[in-house]
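Taking it in order: structure first as structure tokens, then the write-up.
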Number of protein chains: 2
Amino acid sequence: MITPADKKVLKRFGENLRKLRKEKGLSLREMSYACSIDNSKIAKIEKGMINITFTTLLQLALALEAQPASLLDYELE
Amino acid sequence: MITPADKKVLKRFGENLRKLRKEKGLSLREMSYACSIDNSKIAKIEKGMINITFTTLLQLALALEAQPASLLDYELE
DNA sequence: TTATTTGCGGCCCTATTAGACCTCAATCTT
DNA sequence: AAGATTGAGGTCTAATAGGGCCGCAAATAA
């Protein structure tokens, strides 16, 4: 379904992901290499265009060398 | 793809989800009502049979009245 | 014992994620 | 200026998540 509300949440998540990637000093292609996710897909995730699955979340965390839960920490704000 | 490794992670997540649901004293059907996810599907998630999406994770958190990140806390163990 | 609740698996169909690859404009680099 | 890097959108296919419903055996309640 992907409601407008979902779209907003995904966008928020994507922004945070992008922030974390930048902090790590990784380019999309470098991160892509680190977690085996196509760089164009990561770009889409950061743009909130994809409703990622659980395993994808874990892969992203892996590339960022972070706890999966930490990718969701922005919610606490 | 859903590798055996993924299967294990999903199973672990499901177990934790089940634990949280029990702590809340909710039956599958009650939780289903609380987050608009079919009870049989929640059962499958708890069994690690589904690689849930980000929005589904948020829905589950909603039903448990918990922070989405808290559903991943078991990883810290 | 008879009802009711509960967990859970099977189906079905549609929407969409995953995965891989290509292209291109805008930025750096050199 | 020429070349490489980077972000990001497009496309195609296969796999699967979502959504909804049915049914049943076991546990629980009446």
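Side chains included, hydrogens not; waters and symmetry mates left out as well; all remaining heavy atoms used. Order of the sequence lines fixes the chain letters, A, B, ..., with proteins taken first and strands second; residue numbering starts at 1 for each chain.
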What is the per-nucleotide protein-contact pattern of nucleotides 20-30 of chain D, from the 5' end, where B denotes a base atom under 4.0 Å from a protein heavy atom, S denotes such proximity for sugar-phosphate atoms only, and - denotes neither?
BB-B-------

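For the helix from C:dT1-D:dA30 to C:dT30-D:dA1, the rotation axes defined at the first and last 5 base pairs enclose an angle of 60°, given to the nearest 10°.
Remark: B:Glu65 pairs with B:Lys24 by the side-chain contact (heavy atoms from CB on, under 4.5 Å) rule, at least two apart or across chains.
Remark: P of D:dG18 and CZ of A:Phe54 are 12 Å apart, rounded to the nearest angstrom. Going from atom CD1 of B:Ile42 over to atom P of D:dG18 covers 11 Å, rounded to whole Å. Distance A:Glu15 CD to D:dA8 C1': 16 Å, rounded to the nearest Å. The distance between atom OH of A:Tyr33 and atom C1' of C:dG19, rounded to the nearest whole Å, is 18 Å. Rounded to a whole Å, the CD1 atom of B:Ile50 is 11 Å from the C1' atom of C:dG9. Distance, A:Lys47 NZ to D:dG10 P: 12 Å, rounded to whole Å. Atom pair A:Glu30:CD and D:dA8:C1' shows a separation of 17 Å (rounding to whole Å applied). For B:Leu10 and D:dT16, the CG to P distance is 12 Å, given to the nearest whole Å.
Regarding contacts with the backbone of D:dA17, every side-chain N or O of A:Thr53 stays at 4.0 angstrom or more from both OP1 and OP2. Look at A:Arg18 and you won't find any side-chain N or O under 4.0 angstrom from OP1 or OP2 of D:dG7.
A:Ile52 comes within 4.0 angstrom of sugar-phosphate atoms only, judged by non-hydrogen atoms across all strands, and of no base.
Atom-to-atom distance recorded for B:Leu71:CG and B:Leu17:CG is 6.5 Å, nearest 0.5 angstrom. The CG atom of A:Leu64 lies 7.5 Å from the OG atom of A:Ser70; values are rounded to the nearest 0.5 Å.
No donor-acceptor distance shorter than 3.5 angstrom exists from the side chain of A:Arg18 to the backbone of A:Glu46, with no hydrogens or angles considered.
Within 6.0 Å of NZ in A:Lys11 there are 12 or fewer heavy atoms belonging to other residues, nucleotides or ligands.
We find that A:Glu15 and A:Lys19 are not joined by a salt bridge, their nearest charged nitrogen and carboxylate oxygen being 4.0 Å or further apart.
Side-chain contact check for B:Ile50 versus B:Thr56: every heavy-atom pair is 4.5 Å or farther apart. At least one side-chain heavy atom of B:Pro68 sits less than 4.5 Å from a side-chain heavy atom of A:Leu72.
Side-chain atoms of B:Thr55 and A:Asp6 form no donor-acceptor pair, as typed in the model, at a separation below 3.5 Å.
For A:Thr56, taking side-chain heavy atoms from C-beta onward, the closest of the listed nucleotides C:dG7, D:dG7, C:dA18 is C:dA18.
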